[in-house]
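Here's the structure we're looking at; comments come further down.
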Amino acid sequence: MNSLKSDSGAKPAEAPAESGSRSNFIRDIIAEDIRTGKHGGRVQTRFPPEPNGYLHIGHAKAIYLDFGLAAEFGGKCNLRFDDTNPSKEETEYVEAIMEDVEWLGYKWDGLFYASDYFQQLYEWAVQLIKAGKAFVCDLSADEIREYRGTLTEPGKESPYRNRSVAENLDLFERMKNGEFPDGSRTLRAKIDMASPNVNFRDPVMYRILHMEHHRTGNQWCIYPMYDWAHGQSDSIEKVTHSICTLEFDNNRPLYNWYIEQLGIFPSQQYEFDRLSLSYTMMSKRKLLRLVQEGRVAGWNDPRMPTLSGMRRRGYTPEAIRNFAASLGVSKTNGVTQLQQLEYYVREDLNKHALRVMAVLNPLRVVIDNYPDNLVEEMDAVNNPEDASAGSRKVPFSKVLYIEQDDFREDPPKQFYRLAPGREVRLRYGYLITCQSVVKDADGNIVELHCTYDPATRGGNTPDGRKVKSTIHWVSAAHAVDAEVRLYDTLFTKEDPNEVEEGQDFTANLNPNSLEVLTGCKVEPGLRDVEPGARYQFERMGYFCVDPDSKSGKPVFNRTIGLKDTWAKIEQRGKK
RNA sequence: UGGGGAGUCGCCAAGUGGUAAGGCAGCGGCCUUUGGAGCCGCCAUUCGUAGGUUCGAAUCCUACCUCCCCAGCCA
C-alpha cells in the first residue's frame, strides 16, 4: 500500500531536448542554415526578458522556442536580462524569472545581463560619433516628437545634427559624467529623418537618467535604448538566431544597421507571433496594474496567466511545455482558445495525479441498517491510469457525506445519481438506496436516510446487477475539514480589451473569478499535505495544495474541473 | 492616406503548381466501480474577394477588401 504523498512538483523536471516534431518556419530556417554550414553549423539563441514583471504563459512559448530549438540542433541558449531601463526593473523580477524558467524545466547556458555590456556599448557609441554617425541632441522629448514627423510626413533634422565630432565627443562624455539633468540631451544616431520607417528617423541611442540600476548601481547616468542594446548584446554573445515577437519586425532594419555600422558579429533576428489566449491577456503593464490595484492577490494569484500563478494553481511544467509544443509558430495574429491549454493540463494531470475523495458541498447521509460503531477500511485505487501508484485504505462508517449535487429529490431526465428510492454505488463502498429525506424548517434538504446492501462490499455486484451511477463520499467521523478555492476566468470576455467607450479592461474583470468554499470534507489521508501536491478529487476535478495550508487544515486550489457530461446535458436543457 | 506584416474548418495550423494534414472545440457510438480516462466514427468540393495564366492553382499574375504593427528620452 502506498501513502498519499503526491508529486509536489517542487523540483523541476528537465525538459526533453527535443522541441517537438511540429514543423515551423523558424526551425526550417535553422535547419537550412545548418545544411549550408552558416556559422559552421553553430546554433545560439537567447531568451531575453526585461525584469519588469513576472513571466506569463506567452513567455512560455518563447522559452520553449528559444531553448527548445537550441537543444534540438545541439546549440546553446542564454538567459539574458534586458535591463536597460532602471526605472522599471527590479531584482525581485530577476529572481522570479530565473525560478520560473527553471521550473519550466530549462537550463540556460550563459546567464547575462544587457547591463554587462554597458561599457562596451558606450565605447561603440563613441565609435559611431567619431564616424560621424551619431550626435548629441539638445532637443526636448516634445521637440524630438515634433521633429520626427508623422507616419505620412517626413520629419525635419535636428538643429544639433551637424555638431562637430569633437563637440559631440565632449558632450557625450559629459552626459556620461552626469553633468546634465535628466531629459536635457540624448545621443542620437544620424540616419534619415525622411525614412518611411520611423525607427530610422535619427533614433535615440542614449537618454540621461540619474537613477540607480539594480546591478550597476550609480555607475551610469546614461542608459542605452532597446534598439541600441539588443542587437549588440546578441552579437556579443554570438547569437546566431535571435527569435522575437512580431512587433519587433519594424525594428529589424535598425537592428541590422547598428550591427553593420559596427562591423560586429551578424546576429539575425526572426519574428514569430506572440501567444494570445482567450479570457486573459499578456500585457505585463496591465498585469502589473491588476497586482498594484489589488484586483488579484499578487503576481502568483492562481487566476493570473503568469507561470507563478499557474504553478500555484496546479498546472504542471510538462502540461505547459506540451501546450507550447502544440502551438503554431507563424506570423498570424491569432487568439488561441483557453480550452487548448486546459486540454494539456488535464492530459498531464490525468496521467499523474493521485485520486482521492473529497466532498465540496457536503450532504449528510445515514445508513440506517449499517452497524453503529463499525468502521471498515475499504481498498481504493490511487490512480487507475498508473498501476504503480498503488492503493490505499479509506474508512467507511454509518454516517457519511456525499455531494449535494449528487442528490435530487425530483431527478430530471438523464440524472442518474441518487434520488428517493434509487440505488447508486458509493465508490469503493457499497450500493446504497435512498429511503427518506430530512428537511429543515425552511425546506432545505439536510440529511438522507439510506440502506446498504451488505453483499456489495467494495462496490461490487456479485449478482451482476447494474447501477447507473457511482458517487464519491467521505466518512463523517473521519473526514478532514478543508478550504477549497474555486477559480473561473479572470475576465468575462474572450477579449478583455473589448470595452465600451471610456472604459478599460478592468470593466471586464469577472466578479466571480474566485469562490471560496469552507467546511469541505476530504478523506483522512489528506490531513497533512505538502503545498504544491496535486490530486484528482474523483468526479470533481484536479486540485493543488495551496501554501496557505496548515496541518489538519488543508487549503486546495481547483486547478481545473473534470469534463462534465452531466453539466453539459443540463446546460443544453436550459436552452 | 507612409512603411512593414498577415489573411486556409468555431480556434490554432500544415500545405509553396498536381487535385485541402493534424491538434483543440463540437457531434454520434462503444466501454467504464470517476457521466473522468480510453477507443471508434463524423466534422472545409474549398483556401479574404474578383479576374487572369495553366491540362491542372490554396499555391503563379493583376486588382481590390479586411486585420495587425510603427510617430516612448518603453521593451
Side-chain angles (χ1 to χ4, degrees), chain A residues 22-24 48-50 52 82 84-85 87-89 137 139-141 144-146 148-155 182-188 194-201 203-209 222-223 225-227 229-230 244-253 271 273 275 278 284-285 323 326-344 346-347 350-351 355 357 380-381 384-385 414-417 425-429 431 456 458-461 467-472 494 536-541 561-569:
Chain A
R22 189 210 259 270
S23 126
N24 69 60
E50 182 188 12
N52 66 342
D82 219 334
T84 57
N85 184 356
S87 71
K88 295 184 174 176
E89 297 148 7
C137 183
L139 254 25
S140 69
I144 284 183
R145 190 181 315 120
E146 284 167 29
R148 187 155 30 225
T150 69
L151 295 179
T152 52
E153 302 161 283
D182 289 1
S184 59
R185 288 178 224 264
T186 55
L187 182 73
R188 294 225 261 163
S195 173
N197 183 340
V198 187
N199 290 314
F200 268 61
R201 323 248 262 226
V204 172
M205 295 163 62
Y206 279 96
R207 73 281 216 180
I208 299 173
L209 221 48
I222 55 172
Y223 290 95
M225 298 292 290
Y226 167 85
D227 286 304
H230 203 90
C244 66
T245 44
L246 245 32
E247 68 272 24
F248 291 100
D249 195 305
N250 296 312
N251 301 61
R252 177 160 28 91
E271 311 85 21
D273 58 328
L275 172 69
S278 61
K284 275 201 271 183
R285 207 197 101 247
F323 168 66
S326 80
L327 260 14
V329 180
S330 69
K331 285 176 175 286
T332 321
N333 284 309
V335 178
T336 297
Q337 295 179 331
L338 220 210
Q339 302 143 105
Q340 189 163 335
L341 204 209
E342 294 180 335
Y343 169 84
Y344 289 97
R346 286 197 184 94
E347 178 193 54
N350 174 53
K351 280 188 281 199
R355 272 62 169 173
M357 292 196 283
V381 172
E385 304 291 321
Q414 295 188 79
F415 180 89
Y416 303 144
R417 282 110 90 146
R425 169 169 29 241
L426 292 179
R427 176 147 239 225
Y428 305 127
L431 266 59
T456 59
N460 298 304
T461 52
V467 278
K468 272 285 207 180
S469 183
T470 298
I471 65 175
H472 58 96
E494 283 199 36
Q536 183 196 95
F537 287 180
E538 293 224 21
R539 303 204 309 128
M540 302 307 288
L562 252 25
K563 279 202 181 170
D564 191 341
T565 305
W566 165 244
K568 193 178 278 183
I569 292 169

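These numbers come from the heavy atoms of this one structure, side chains and all, not from hydrogens, waters or symmetry mates. Here is the naming used below: chain letters follow the sequence lines, and residue numbers restart at 1 for every chain.
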Practice item. Look at all strands and tell whether A/Y223 reaches a base, only sugar-phosphate, or nothing, counting heavy atoms closer than 4.0 Å. Key: nothing

Point to revise | Under 4.0 angstrom between A/R417 side-chain N/O and B/G35 OP1 or OP2 | key: no

Review point. If we take the C1' atom in both B/A13 and B/A6, what is their distance in whole Å?
Key: 14 Å

Check your understanding: Given the rule in the side-chain contact (heavy atoms from CB on, under 4.5 Å) test, do A/L562 and A/D564 qualify, once you have shown the distances and angles that lead to the verdict?
Key -> CA-CA 6 Å; A/L562 252 25; A/D564 191 341; over 6 Å; no

Check your understanding: What about A/E385, does its side chain sit under 3.5 Å from the base of B/G38 through a donor-acceptor pair?
Key -> no

Review point. So, do A/C137 and A/L187 sit near enough that their side-chain heavy atoms are less than 4.5 Å apart?
Key: no

Revision key, fill the gap. Comparing A/T336 with A/N460, nearest RNA chain B nucleotide closer to 5' gives the residue A/T336

Point to revise | Atom-pair distance (CG on A/L426; C1' on B/U34), nearest Å | key: 13 Å

Review point. Expressed in angstrom and rounded to an integer, what is the separation of A/F323 atom CZ from B/C24 atom C1'?
Key: 10 Å

**Study point:** Short side-chain N/O contact from A/K568 to OP1 or OP2 of B/G26, under 4.0 Å
**Key:** yes

Check your understanding: Taking side chain as C-beta onward, heavy atoms only, is A/L341 less than 4.5 Å from A/T336?
Key -> no

Review point. Counting just side-chain N and O atoms, does A/T332 come under 4.0 Å of either OP1 or OP2 of B/A6?
Key: no

Review point. Considering residues at least two apart in sequence or located in another chain, which fulfil the side chain to side chain contact (heavy atoms under 4.5 Å, CB included) criterion with A/K88?
Key: A/E50, A/N52, A/N85

Exercise for review: Return the value, rounded to whole Å, for the distance between atom NZ of A/K331 and atom P of B/G5.
Suggested key: 8 Å

Review point. Using a cut-off of 4.0 Å on non-hydrogen atoms, how would the nucleic acid contact of A/E342 be classed: base, sugar-phosphate, or nothing?
Key: nothing

Exercise for review: Measure from NZ on A/K468 to P on B/U32 and round the result to the nearest Å.
Suggested key: 13 Å

Review point. Heavy atoms under 4.0 Å, any strand shown: does A/F415 hit a base, just sugar-phosphate, or nothing?
Key: base

Review point. Once you round it to whole Å, what is the distance between P of B/G36 and CD of A/E347?
Key: 17 Å

Practice item. Scan A/Q339 against the nucleic acid and name what it touches under 4.0 Å (heavy atoms): base, sugar-phosphate only, or nothing. Key: sugar-phosphate

Review point. Between B/G3 atom P and A/E153 atom CD, what is the distance in whole Å?
Key: 14 Å

Study note, to complete from the structure: Partner of A/E538 under side chain to side chain donor-acceptor pair (under 3.5 Å), picked from A/R427, A/H472, A/R355, is A/R427

Point to revise | C1' gap between B/C31 and B/G38, integer Å | key: 8 Å

Check your understanding: What interatomic distance, in whole Å, is found between C1' of B/U8 and the corresponding atom of B/G4?
Key -> 23 Å

Practice item. Identify whether any heavy atom of A/Q414 sits under 4.0 Å from a base atom; if not, whether one sits that close to sugar-phosphate; answer base, sugar-phosphate or nothing. Key: base

Study note, to complete from the structure: All heavy atoms of A/P384 vs all of A/V381, minimum pair found to be N-CG1, 3.8 Å

Exercise for review: Looking only at side-chain atoms of A/T565, point me to the closest of B/G36, B/C12, B/U33.
Suggested key: B/G36

Review point. Are any side-chain N or O atoms of A/K331 and backbone N or O atoms of A/E271, one a donor and one an acceptor, separated by less than 3.5 Å?
Key: yes

Practice item. Return the set of residues passing ring-ring contact (aromatic ring centres under 6.0 Å, His included) with A/Y344 (not counting sequence neighbours), or none when no residue passes. Key: none

Exercise for review: Please indicate yes or no: is the ring centre of A/Y416 less than 5.5 Å from the centre of the six-membered base ring of B/G35, with the two planes inclined by under 30 degrees?
Suggested key: yes

Exercise for review: Taking atom C1' in both B/U1 and B/C70, compute the distance separating them and give it to the nearest angstrom.
Suggested key: 16 Å

Check your understanding: Between A/F200 (CZ) and B/G2 (P), how many Å, whole number?
Key -> 20 Å

Point to revise | For the student: nearest non-hydrogen atoms of A/Y416 and A/S469, plus distance | key: O-CB, 3.2 Å

Review point. Under 4.0 angstrom, heavy atoms only, what part of the nucleic acid is A/P384 near: base, sugar-phosphate, or nothing?
Key: base

Exercise for review: Assign A/L341 to base, sugar-phosphate, or nothing according to its heavy-atom contacts below 4.0 angstrom with the strands shown.
Suggested key: nothing

Check your understanding: Quantified in whole Å, what is the P atom distance between nucleotide B/C60 and nucleotide B/A14?
Key -> 16 Å

Exercise for review: Please list, chain by chain and in numerical order, all residues satisfying ring-ring contact (aromatic ring centres under 6.0 Å, His included) with A/H230, sequence neighbours excluded.
Suggested key: A/Y226

**Study point:** Spacing of the C1' atoms in B/U53 and B/U62 (rounded, Å)
**Key:** 11 Å

Practice item. For RNA chain B, produce a single dot-bracket line, 5' to 3'. Pairs: Watson-Crick or G-U wobble, both distances under 3.5 Å. Symbols: ( ) within strand, [ ] crossing, | other strand, . unpaired. Key: .(((((((.[[[..)..(...]]].(((((.......))))).....[[[[[..)....]]]]])))))).....

Check your understanding: Rounding to the closest angstrom, what is the interatomic distance between B/G22 and B/C65 at atom P?
Key -> 36 Å

Study note, to complete from the structure: The contact string for nucleotides 69-75 of chain B, one letter per nucleotide 5' to 3', using protein heavy atoms under 4.0 Å with B, S and - for base, sugar-phosphate only and none, comes out as BBBSBSB

Check your understanding: Hey, does A/Q340 have a side-chain heavy atom less than 4.5 Å from the side chain of A/L327?
Key -> yes

Check your understanding: Checking all strands, does A/V335 fall into the base, sugar-phosphate, or nothing category for heavy-atom contacts under 4.0 angstrom?
Key -> sugar-phosphate

Check your understanding: Quick one: salt bridge (Lys or Arg N to Asp or Glu O under 4.0 Å) partners of A/D273, sequence neighbours excluded?
Key -> A/K61

Check your understanding: What is the distance, rounded to the nearest whole Å, between atom CG of A/D249 and atom P of B/G4?
Key -> 10 Å

**Study point:** Assigned glycosidic conformation for B/G41 [threshold 90° from 0]
**Key:** anti

**Study point:** B/A58 to B/A44 separation - C1' atoms, rounded to the nearest Å
**Key:** 12 Å

